[in-house]
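Below is one structure, written out as structure tokens; comments come after it.
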Amino acid sequence: QLHIVESGGGLVQPGGSLRLSCAASGFTLDYYVIGWFRQAPGKEREGVSCISTSDGTTYYADSVKGRFTISRDNAKATVYLQMNSLKPEDTAVYYCAAVPHSRITTVQAMCVTLPKVFATWGQGTQVTVSS
């Protein structure tokens, strides 16, 4: 059974950093597109960053470009999201989702649409940016 667990969230001051981890079990990460999404209170879930585990192609939302970096370690079946220069508006529950590469057209498509069919989601991890 496919399973995803996010970790690494917490409380951080503005300007600080956090690294989120998305660990997969029950499947290898080869030939998947993995995405980080976030949902703030009262707002819709939005795509933050996505990566192809086969060729490393990445996509970033404009709001996080230059501050966040997505990476993968296929041997550990884990995808990371390094978040630097955090802002209060980055406060949200961060979710990880995986879709087989054959079921999504592009890495960008993974991030700009909320994958539902063929997607495996984690339970989320809270990130709070506050002084």
Side-chain angles (χ1 to χ4, degrees):
Q1 184 176 357
L2 310 183
H3 194 54
I4 284 179
V5 177
E6 304 97 332
S7 62
L11 172 64
V12 63
Q13 293 186 342
S17 299
L18 283 175
R19 188 177 81 156
L20 305 183
S21 298
C22 170
S25 62
F27 64 105
T28 61
L29 272 190
D30 298 340
Y31 308 111
Y32 274 81
V33 178
I34 308 295
W36 281 101
F37 300 80
R38 66 186 181 187
Q39 188 165 18
K43 294 188 176 181
E44 294 186 353
R45 194 171 298 189
E46 62 176 357
V48 175
S49 183
C50 295
I51 187 168
S52 164
T53 61
S54 58
D55 64 11
T57 300
T58 59
Y59 172 86
Y60 295 93
D62 288 343
S63 58
V64 306
K65 278 182 182 176
R67 300 189 298 124
F68 291 10
T69 302
I70 193 170
S71 61
R72 91 278 196 200
D73 185 335
N74 287 15
K76 295 183 178 180
T78 302
V79 169
Y80 305 98
L81 185 68
Q82 178 67 43
M83 306 187 296
N84 299 328
S85 303
L86 282 162
K87 305 175 182 179
E89 51 262 44
D90 294 318
T91 296
V93 178
Y94 283 70
Y95 299 89
C96 182
V99 175
H101 221 313
S102 61
R103 300 296 187 179
I104 196 84
T105 52
T106 65
V107 172
Q108 179 175 347
M110 174 77 171
C111 259
V112 299
T113 63
L114 285 180
K116 295 179 181 177
V117 183
F118 308 115
T120 300
W121 287 86
Q123 83 291 345
T125 185
Q126 176 70 47
V127 172
T128 303
V129 185
S130 175
S131 55

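We count residues from 1, following the sequence as given.
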Side chain to side chain contact (heavy atoms under 4.5 Å, CB included) between V79 and I51, worked out: CA-CA 9 Å; V79 169; I51 187 168; 4.1 Å; yes
Side chain to side chain contact (heavy atoms under 4.5 Å, CB included) assessment of Y95 paired with V48: CA-CA 10 Å; Y95 299 89; V48 175; over 6 Å; no
Test side-chain hydrogen bond (donor to acceptor under 3.5 Å, both in side chains) applied to S17 and N84, step by step: CA-CA 4 Å; S17 299; N84 299 328; 2.9 Å; yes
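No continuous path of ILVMFWY side-chain contacts below 4.5 Å connects L18 to V93, so the two sit in separate hydrophobic clusters. Linking ILVMFWY side-chain heavy atoms closer than 4.5 Å, directly or via other members, places I34 and I104 in two distinct hydrophobic clusters. When the side chains of ILVMFWY residues are joined at heavy-atom separations under 4.5 Å, either directly or via intervening members, V5 and Y80 end up in two distinct hydrophobic clusters. Under the 4.5 Å side-chain heavy-atom criterion for Ile, Leu, Val, Met, Phe, Trp and Tyr, Y60 and V107 are members of distinct hydrophobic clusters.
Contacts classified as ring pair (Phe, Tyr, Trp, His ring centres under 6.0 Å) and involving residues 102-131 (residues at least two apart or in different chains) are given here: F37-W121. For residues 90-106, the set of pairs meeting the salt bridge (charged side-chain N to carboxylate O under 4.0 Å, His left out) definition, not counting sequence neighbours, comprises R38-D90, R67-D90.
Atom-to-atom distance recorded for M110:CE and Y59:OH is 13.0 Å, nearest 0.5 angstrom. Here OG of S63 is found 5.5 Å from CD of E46. Values are rounded to the nearest 0.5 Å. For the atom pair L81 CG and L20 CG, the distance stands at 5.0 Å (nearest 0.5 Å).
Side chain of S49 to main chain of W36: no donor-acceptor pair is present (N/O by atom type, distance under 3.5 Å, no hydrogens or angles). A donor-acceptor contact shorter than 3.5 Å is absent between the side chain of S102 and the backbone of P100. Without hydrogens or angle criteria, S85 side chain to G15 main chain gives no donor-acceptor distance under 3.5 Å. Distance alone, capped at 3.5 Å, places no donor-acceptor pair between the E6 side chain and the T125 backbone. Between the side chain of Q108 and the backbone N or O of V112, no donor-acceptor pair lies under 3.5 Å.
Judged as a side-chain contact (heavy atoms from CB on, under 4.5 Å), and not counting sequence neighbours, K116 has no contacts. With sequence neighbours excluded, the residues satisfying salt bridge (Lys or Arg N to Asp or Glu O under 4.0 Å) with D62 are K65. Residues passing the side-chain contact (heavy atoms from CB on, under 4.5 Å) test with T128, sequence neighbours excluded: L11, T91, Q126, S130. The side-chain hydrogen bond (donor to acceptor under 3.5 Å, both in side chains) test applied to R19 returns no partner, not counting sequence neighbours.
The minimum heavy-atom distance between V127 and M83, with the atom names listed, is CG2-CE, 3.9 Å. Looking at every heavy atom in both residues, T53 comes nearest to Y31 through OG1-N, 3.3 Å. In terms of heavy atoms, P115 sits closest to V99 at CB-CG2, 3.7 Å. When all heavy atoms of N74 and R72 are compared, the closest pair comes out as OD1-CG, 2.9 Å. The shortest non-hydrogen separation linking P14 to S131 is CD-N, 3.7 Å. Between V33 and C50 the shortest heavy-atom distance is CG1-CB, 4.5 Å.
Counting non-hydrogen atoms of neighbouring residues, nucleotides and ligands closer than 6.0 angstrom, the CD atom of E44 reaches no more than 12 such neighbours.
S52 and H101 form a side-chain donor-acceptor contact under 3.5 Å, judged by distance and modelled atom types alone.
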